[in-house]
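Have a look at the structure below, then the notes.
For clarity, every value in this text was computed on a predicted model and none was experimentally measured. Numbered from 1 within each chain, the chains take letters A, B, ... in sequence-line order.
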Amino acid sequence: MNKKKLLLIDGNSVAFRAFFAMYQQLDKFKNPEGLHTNALYAFKNMLDVVLKQEDPSHILVAFDAGKTTFRTAMYKDYKGGRDKTPAELSEQLPYLREMLKDMGIKSYELANYEADDIIGTMAKKGVEAGYEVAVVSGDKDLTQLASDHVTVYVTKSGVTKLEAFTPDHMKEVNGVTPTEFIDMKALMGDPSDNYPGVAKVGPKTASKLIQEYGSVENLYNHVDEMKKSKLKENLIASKDNALLGKKLATINCDSPVEVTLDDLSYEGSNIDDLRRFYEKMNFRRFLADLAQKGELTENKTEVKKQDYVVLSADNLDQPPKAAEVTFYLAMFGDNYHLADFAGFALKIGGETFVSRDVFLLQESPLKGMLEDSAVQKNVFDLKRTTYGLYRLGIKAESLTFDLLLASYLVDNEKNSNDLGELVQGYDYYDLKTDLEVYGKGKNAKIPADDAVFFNHLAGKTAAIAALKDSLLKQLKDHEQDDLYDSIELPTARVLAKMEMNGIKVQPSRLKELENDFAVRLKELEEKIYKEAGEEFNLNSPKQLGVILFEKLGLPVIKKTKTGYSTSVEVLNQLKEQSPVVSDILEYRQISKIQSTYVKGLLDVIDERDGRIHTRYLQTLTATGRLSSVDPNLQNIPTRTEEGKQIRKAFVPSSPDGYIYSCDYSQIELRVLAHVSADPNMQEAFKTGYDIHAHTAMKIFHLSSVDEVTSLQRRRAKAVNFGIVYGISDYGLSKNLDISRKQAKEFIDEYFEQYPGIQAYMDRAVKDAREKGYAETIMHRRRYLPDIHAKNFNVRSFAERTAINSPIQGSAADIMKIAMINVQKKLDELGLKTKMVVQVHDELIFDVPADELETIQKIVPSVMQAAVKLDVPLVADAGWGHDWYEAK
DNA sequence: GCGATCACG
DNA sequence: ACGTACGTGATCGCG
C-alpha cells in the first residue's frame, strides 16, 4: 500500500489527559518497583485506537523540551502559574518514550520550541509532500492546523474518544476558520497558558468580532469606527494584549526541526522489546493481546486448555460430593426467560464436568446437589441461573456467591454481562469472551465443536472460582460486604421471584384501545395531510421538519445535529402559529402509546400464562437503581389520560382480586434531608408538611403554607427537583420558563432558607474529588474520574453527578431493603400475594381478595421501616381491580 | 447501529 | 465565560 499518511501526536498533552483519565486507578496501576503506570496504559490504549483508525505510514510523537521557549522570551509569564506536573505523571514520561521506541514510533523534542511547533512544522512538510496528516492532542490549541489535508483530533472524556476537527467542524464549533481561530484566541486570551486577551471577551464575543473583521489586525484598523461601547473601550485598552496573544497563540510552522519525513516511517512494533516492556510494567492485558496476535499469525495458541470430563447419562455419579461447587448454566441469548439452553459446567475442587445436555441436571444426583442448601454454589448471574434452573423444574438453593453482582458493586464501570470481558478487567486472561466464541449479530451461534465449546464452559467456572476470593476481599476493603450480602444477593432472589410471577394482562383491553387509537390516528393523519397540503411520513422527524419549516415557513426554534428539531418543546412554542402543530402533537402522543405500549405489550404477553414477565437488570445503572427490559414496565404511561388507559390492562390474577400499589412519598428529598442534616428541611418532614408548599413558603417569605399559591408551589417543586439533580440557574429557568436571573434568585433564596443543602452539595463534590467516587448510605460507589477534568462541561457534569448519585442511589438502596423485607414477610405469613413490579419508588402487588386487609397492614409499614433515617419515611398505598384504579 | 423522540421515576 | 438539569428503555427512520 502506497498511501502516505502522517500521524503527529502531542505527547505531553495526551499523556496529561491519559493520566487524569485513569486517575482513579492510580493506586492500582503500579509495577512491582512501585512506578505508576496508569498514563502509560491509557496512552497505549489511545495509540491502539488511533493506529487502527488512521493506519498511518509515518508517525511522530512530539514533546515539549523545557520551560523556556521563544514564547517565554516574548512574554515571561507564558504558561506561568501552572500547577506542577504531578510527580506520579512525570515519573512515567521517560518510560513513555521507551514504550514508543519499542513500538517503532519516533519521539522528538526541540529546545526553545513547544511540541505544537514541531507538529505544525511537520504537518506543513507533510502536506507539501502530499501526505494526509492526522494530529492528535489533548487540547484544542492545535486545531488551528486543520485544513483540507490535516485533521486534528482532540481527546474527549478519557483518551480513546477523539473529536475530529476539520475546517467544517471548526466552523460549526467556533463560527470561524482554523486560522481565524488564532485571532479568536488572541482576543479571548488563554487562562491555562496565562495570557490575558481582552477583558470581558469570551468565545462568543471573540467569534462574533472575528467573523466580522477577519483578524485582530483588521479589527484594530477599524476599531475607531465602532459604536461607543464598553466593548470598544476594552478592545482599545487591551490592544497590546491582543497583539501579543496572537503571537503567542500562533503555532510556528517553520521551526528548525532536524527530522525528515523519511525518519518517521512506521514499520510496526519490535514485539520482543515490547513484550519485555509490558512485563516490566506488569501490563498483563497487553501481554495477552500480544499472545492473541501471535495466535493469528502463528499456529493456534489457544487460551488456556481446560481439563474437563464430559457428563452423560452413564457417568452422572462421577461428580463427588462437596460443600462448595462452581456452576455455570449456559443459555444462548440475553433473555433467559426464553433463551435456548446450551449446556452447563460444574467445577468441584480440581475437577470440572461439562455437558450440552441440560436435562441431565434434572437427574437426581445433580438436581439433588443444586437443590441442597448445604452445598454452596458460586455462579455468574444468580438471577439468570436461578431462572434457568426454574425453567428446568429445579429449585436452586444456596447460590451464595455471584461474581456479576460482586463486580458490579466493586466497580460498575468495569462490569459486563459477558463473563470473559468482565474478568479481563481483573487481569484474568484465561477465558475468551462470548463475543469471540459465539460471534456477533445474526451470525452468532453456540460452537458446534465440542472441544471449543466445552473449553469455554469449563473456562467460565474456572474464572468464577479464580476470582471469588479477590472480589470478596475488595468488597470488604470497600466496606461493601453488608451491601453485597444483605442487599444485592437477597434482592437478586426477590427479583427472580418477581420475574417468575409476572403480571397478568387482559389482552382484550389492549385490543379495544388498539382499535380506538387506530381510528383517531387515521383521522388525525388525514387532517394533517390536508393542512400540510401533501402526504408525508408523519413519523419521520426529517420529513416533518421540511413540511413545518420549509413548506409552511414556521420559525426554526432549535436545531439538532441532523437538522431541524421537532420535539414537544419546539412544537409547543409553534402551536399558536399554525393549527397543524397541535394536531401533530396529538398524533405523536397517540402514536407513541399505540406503538410502544398497546402493540408492544400485546407482543410480549406469555401465551402460556397470560402474563408479562419483564426482566430486571440489577447490574446496569450507575446509581444502583434497577432497570426493566423486554418489556420495560417502569415507564408505563401515567401523565396523560390516554396513556393511563394502558394501566387498565394490568389486572390481578383472580377476577375478584386487587392490584395494590404502595409508593414512597418524596423519598429522594427525604434522603437529601437526612444526608444534608439541614434542620429546616428535616423539620418540614418531621412535621409532615407538604414539602413543596413548605419550600414555597420559605423561599417566597410567606407566613404560612396556606398563603402559597399554586404557581408558587409549582415553582418550589421544580426547585426541589432541581436541587436533587445538582441545580443550575439555566436548567431551572428552562424548566419553569422564567428568566435566568429569576431562577438564580430562587436558588439563592433556597440556599438561604436551607443552609445545610448548600453545604451538602459542596461536601459531595469535595468528597468525590478526594476519594474519586461518590457513595450512598449503604456504601454503594460510583467512580467519577471526570471530577478532575480540565474541561468545564465535563467536570461540571461529574460534579452534578457527585451530588445526585448519593441521593438517587441511597433511595435505591432503601427500596431494595424494603423489597427484601416485604417478600420475607409474605413468605413468613404464607400469603398468596405476589410482588409483581417495582418502579423505583413504588411496588405493585397482585393480591387475592381475602388478603387485601393483611397487605394494607404490612406493606406500608414494612416499607416505612426499611431503614431509620433522621426524618420519617412515608409510604402511600392505593388499590383497585386493575393498575389504573390502584392509585 | 445511531440519533431523535418520548414514555417513566 | 463556559452551557447544563439526574437516572432509564423502546420505537422509528435513515444511512
Taking the six-membered ring for Trp, are A:Trp883 and A:Phe650 parallel (under 30°), tilted (30 to 60°) or perpendicular (over 60°)?
->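 A:Trp883 and A:Phe650: perpendicular rings.
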
With A:Glu499, which of A:Arg384, A:Lys383, A:Arg615 fulfils side-chain hydrogen bond (donor to acceptor under 3.5 Å, both in side chains)?
->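 Only match with A:Glu499 under side-chain hydrogen bond (donor to acceptor under 3.5 Å, both in side chains): A:Lys383.
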
Looking at A:Gln543, A:Lys558, A:Arg588, A:Lys542, which hits side-chain hydrogen bond (donor to acceptor under 3.5 Å, both in side chains) with A:Thr566?
->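 Output: one option passes, namely A:Arg588.
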
From the options A:Asn720, A:Val675, A:Leu672, select the one residue that forms a side-chain contact (heavy atoms from CB on, under 4.5 Å) with A:Ile757.
->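 Only one option passes, and that is A:Leu672.
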
What one-letter contact string describes nucleotides 2-9 of chain B from 5' to 3', where B marks a base within less than 4.0 Å of any protein heavy atom, S marks contact via sugar-phosphate atoms alone, and - marks no contact?
-> --SSBBBB

In terms of the nearest nucleotide of DNA chain C, which residue is placed more toward the 5' end: A:Arg740 or A:Asp630?
->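 Closer to the 5' end of DNA chain C: A:Arg740.
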
Using the closest heavy atom to pick a nucleotide of DNA chain C for each, name whichever of A:Ser627 or A:Thr205 lands nearer the 5' end.
->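 With A:Ser627 and A:Thr205 compared, the 5'-side residue is A:Thr205.
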
If every non-hydrogen atom of A:Ala802 is compared with every non-hydrogen atom of A:Ala764, which pair is closest and at what distance?
->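 Looking at all heavy atoms of both residues, the closest pair is O-CB, 3.7 Å.
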
Which pair of heavy atoms, one from A:Thr614 and one from A:His337, lies closest together, and at what distance?
->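 It is O-CE1, 3.1 Å.
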
Identify the 5'-most and 3'-most nucleotides of DNA chain C with at least one atom closer than 4.0 Å to a non-hydrogen atom of chain A.
->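 The contacted stretch runs from C:dA1 to C:dG15.
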
Audit row: A:Gln573, A:Glu569, side chain to side chain donor-acceptor pair (under 3.5 Å) steps and yes/no = CA-CA 7 Å; A:Gln573 292 181 56; A:Glu569 206 187 320; 5.0 Å; no

For a quick check of understanding: with a heavy-atom distance under 4.0 Å over all strands, which category does [X] fall into, base, sugar-phosphate or nothing?
{"X": "A:Ala718", "answer": "base"}
{"X": "A:Leu620", "answer": "sugar-phosphate"}
{"X": "A:Gly726", "answer": "nothing"}
{"X": "A:Phe797", "answer": "sugar-phosphate"}
{"X": "A:Asn735", "answer": "base"}
{"X": "A:Ala622", "answer": "sugar-phosphate"}

Are A:Asp786 and A:Arg795 close enough that some pair of their side-chain heavy atoms sits under 4.5 Å apart?
->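 No. Closest side-chain heavy atoms not under 4.5 Å.
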
Determine whether the side chains of A:Glu550 and A:Tyr564 contain a donor N or O and an acceptor N or O closer than 3.5 Å.
->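 Per modelled atom types, A:Glu550 and A:Tyr564 side chains form a pair under 3.5 Å.
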
Would you write the dot-bracket representation of DNA chain C, where each base gets (, ), [, ], | or . depending on whether it forms a Watson-Crick or G-U pair under 3.5 Å and with which partner?
-> .....|||||||||.

P-based separation of B:dA4 from C:dT4 [nearest Å] |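 Per the computed distance, 13 Å lies between those P atoms.
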
Between B:dC2 and C:dA5, how far is it from one C1' atom to the other, in whole Å?
->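 Pairwise C1' distance, B:dC2 against C:dA5, rounds to 24 Å.
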
Are A:Tyr750 and A:Tyr754 an aromatic pair by the rule of ring centers under 6.0 Å?
->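 When the ring centroids of A:Tyr750 and A:Tyr754 are compared, they turn out to be within the sub-6.0 Å range.
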
Ionic contact status for A:Asp603 with A:Lys599, cut-off 4.0 Å =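 A salt bridge is absent here (no side-chain N lies under 4.0 Å from a carboxylate O).
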
